[in-house]
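Excluded from the calculations below are hydrogen atoms, water molecules and symmetry mates; all remaining heavy atoms, backbone and side chain alike, are included.
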Amino acid sequence: MSNIFLVIISILVGIFLQRIREFPSDAPKALNAYLIYVVLPAVSLLHISKLELSLSLLLPISVAWIVFTLTWLIFGFLGKKLDWKRNTIGCLIICGGLSNTGFVGYPIIEAIYGVEGLKIAVLVDQPGSFLVVSSLAIIVASIYGEEKMRKRDISKRMLFFPPFLFFILALLLNLFQLEIKGVLQHVLESFSATLTPIALIAVGLQIKIKPQDIKDNFLWLGLIHKLLFIPLAIFMLYFWILGDTPTEHLIFKVSVMEAGMASMITSSIIAGNFNLRPKLASLLVGIGIPLSFITLAGWYFLLAYLR
């Protein structure tokens, strides 16, 4: 519960800071830059370097890849068919395709399904969501960003995107079994701990809800897609794939619940960094997180009734 309270309080702090005249108007950009160049690389080094790699991870890991790929196909097709602006399409793909499987997902899954459920949630998040946000999300952001880029430029931008560079470094450390410990581990833990409060304060700073914002069809399309359609898609797919053993039941339930989490905080950071309707991205995160507590309750009772 303390994590959930931190999420809510951090967003409220950001909204409150908007009212302080002395607070810089470009603060969200500065905070996003700090997250991109310092915090996300620290998270990569800290977690990916210690992950146990094995074939048994494939099914939970697949959740994040399926969610993002499906979202890209849907909004890519609809955007082209209905002639949406490119930055809107990119924003919906990134925010609709990345679930908050970690900070919000971990405490909720642990509270509902215990330690065994949390172990599966970690598999969904670290080698799943984190890899997607470090690779596919950057490709999409480069394709739909303000500047139309060549394939070579997209690859270059992804490869030199700081979190991706450090992800590769962390993966190499993992493969060569080089452990991060001591002072370096403490430093990385300290920077990593600032991810959620700083990211959500940046989100709160950009939430300026006006009547026309609530009426924005893209906001509600993104929320319905993320909180209802995506978990339904994982529900239908994994219901037929997984068997009747207790372990498979738990994988099924955790996978659906994690898919139904609100948009990842990092999605709004990437959207802001690539000028993909940052305000819409902030609303999808800022409104999506509290709204997801209601939709997740619905998914929980449905899963408990069916299996």
Side-chain angles (χ1 to χ4, degrees), residues 1-8 43 46-48 50-68 70 96-133 192-193 195-196 200 223 225-267 285 288-307:
M1 287 300 294
S2 60
N3 284 345
I4 294 172
F5 282 127
L6 179 58
V7 169
I8 296 169
V43 171
L46 193 61
H47 294 295
I48 300 298
K50 297 181 179 180
L51 191 67
E52 289 186 23
L53 304 175
S54 70
L55 290 175
S56 62
L57 307 180
L58 290 179
L59 200 56
I61 292 171
S62 298
V63 173
W65 295 90
I66 292 169
V67 166
F68 195 89
L70 182 59
L98 295 171
S99 303
N100 199 323
T101 52
F103 190 80
V104 176
Y106 285 179
I108 290 177
I109 295 301
E110 185 178 23
I112 296 172
Y113 300 117
V115 176
E116 292 305 312
L118 181 59
K119 289 179 182 177
I120 297 171
V122 170
L123 299 181
V124 175
D125 178 62
Q126 291 186 14
S129 298
F130 200 87
L131 296 194
V132 172
V133 76
S192 297
L195 171 61
T196 297
L200 285 173
L223 290 172
H225 171 85
K226 187 69 206 67
L227 302 179
L228 298 177
F229 176 76
I230 282 299
L232 177 62
I234 295 298
F235 178 97
M236 294 175 66
L237 179 61
Y238 278 46
F239 185 85
W240 298 110
I241 290 176
L242 291 164
D244 294 325
T245 67
T247 300
E248 288 177 306
H249 279 187
L250 188 58
I251 290 175
F252 171 68
K253 290 177 179 179
V254 173
S255 295
V256 173
M257 292 293 286
E258 285 282 55
M261 297 293 164
S263 298
M264 186 187 286
I265 299 166
T266 313
S267 67
V285 173
I289 288 175
L291 190 60
S292 70
F293 298 150
I294 299 171
T295 56
L296 286 169
W299 285 113
Y300 168 73
F301 286 115
L302 178 63
L303 291 166
Y305 174 77
L306 292 176
R307 286 201 175 191

Would you mind reporting whether Phe68 and Val133 have side-chain heavy atoms less than 4.5 Å apart? no
If you round to the nearest 0.5 Å, how far is CG of Leu200 from CD1 of Ile8? 10.5 Å
Audit row: Phe293, Ile108, side-chain contact (heavy atoms from CB on, under 4.5 Å) steps and yes/no: CA-CA 9 Å; Phe293 298 150; Ile108 290 177; 4.1 Å; yes
How many angstroms lie between atom NE2 of His249 and atom CG of Asp244, to the nearest 0.5 angstrom? 4.5 Å
State, to 0.1 Å, how close Ile230 and Gly96 come at their nearest heavy-atom pair, and which atoms those are. CG1-O, 4.3 Å
State the CE-CZ distance between Met264 and Phe130, to the nearest 0.5 angstrom. 8.5 Å
Quick check against the 3.5 Å criterion: does Lys226 have a side-chain atom that pairs as donor or acceptor with the backbone of Pro231? no
Only one of Val67, Val63, Ile251, Ile109 passes side chain to side chain contact (heavy atoms under 4.5 Å, CB included) with Val124; say which it is. Val63
Answer whether the closest heavy-atom distance between the side chains of Ser267 and Val285 falls below 4.5 Å. yes
Could you walk me through whether Tyr238 and Leu59 pass the side-chain contact (heavy atoms from CB on, under 4.5 Å) test, one step at a time? CA-CA 9 Å; Tyr238 278 46; Leu59 200 56; 3.9 Å; yes
Which pair of heavy atoms, one from Trp299 and one from Met257, lies closest together, and at what distance? CB-SD, 3.9 Å
Drop me the distance from Ile265's CD1 to Leu98's CG, to the nearest 0.5 angstrom. 12.0 Å
Heavy-atom side-chain contact between Phe252 and Ile234 under 4.5 Å: no
Is Val256 close to Phe239 at the side-chain level, that is, under 4.5 Å between some pair of heavy atoms? no
Could you please spell out the steps behind the side-chain contact (heavy atoms from CB on, under 4.5 Å) verdict for Lys253 and Ile112? CA-CA 10 Å; Lys253 290 177 179 179; Ile112 296 172; over 6 Å; no
Which atom of Ile61 lies closest to which atom of Leu123, heavy atoms considered: CG1-O, 3.6 Å
From Leu228 atom CG to Ser292 atom OG, the distance as rounded to the nearest 0.5 Å: 11.0 Å
Is the number of heavy atoms from other residues, nucleotides or ligands within 6.0 Å of OH (Tyr113) greater than 12? yes
CG-OG1 distance between Asn100 and Thr196, expressed to the nearest 0.5 angstrom: 7.5 Å
Restricting to non-hydrogen atoms, name the atom on Ala64 and the atom on Ser129 that form the minimum distance, rounded to 0.1 Å. CB-N, 3.3 Å
For side-chain contact (heavy atoms from CB on, under 4.5 Å), just list the numbers for Trp65 and Leu58, CA-CA rounded to whole Å, side-chain angles, deciding distance to a tenth of an Å, and then say yes or no. CA-CA 10 Å; Trp65 295 90; Leu58 290 179; over 6 Å; no
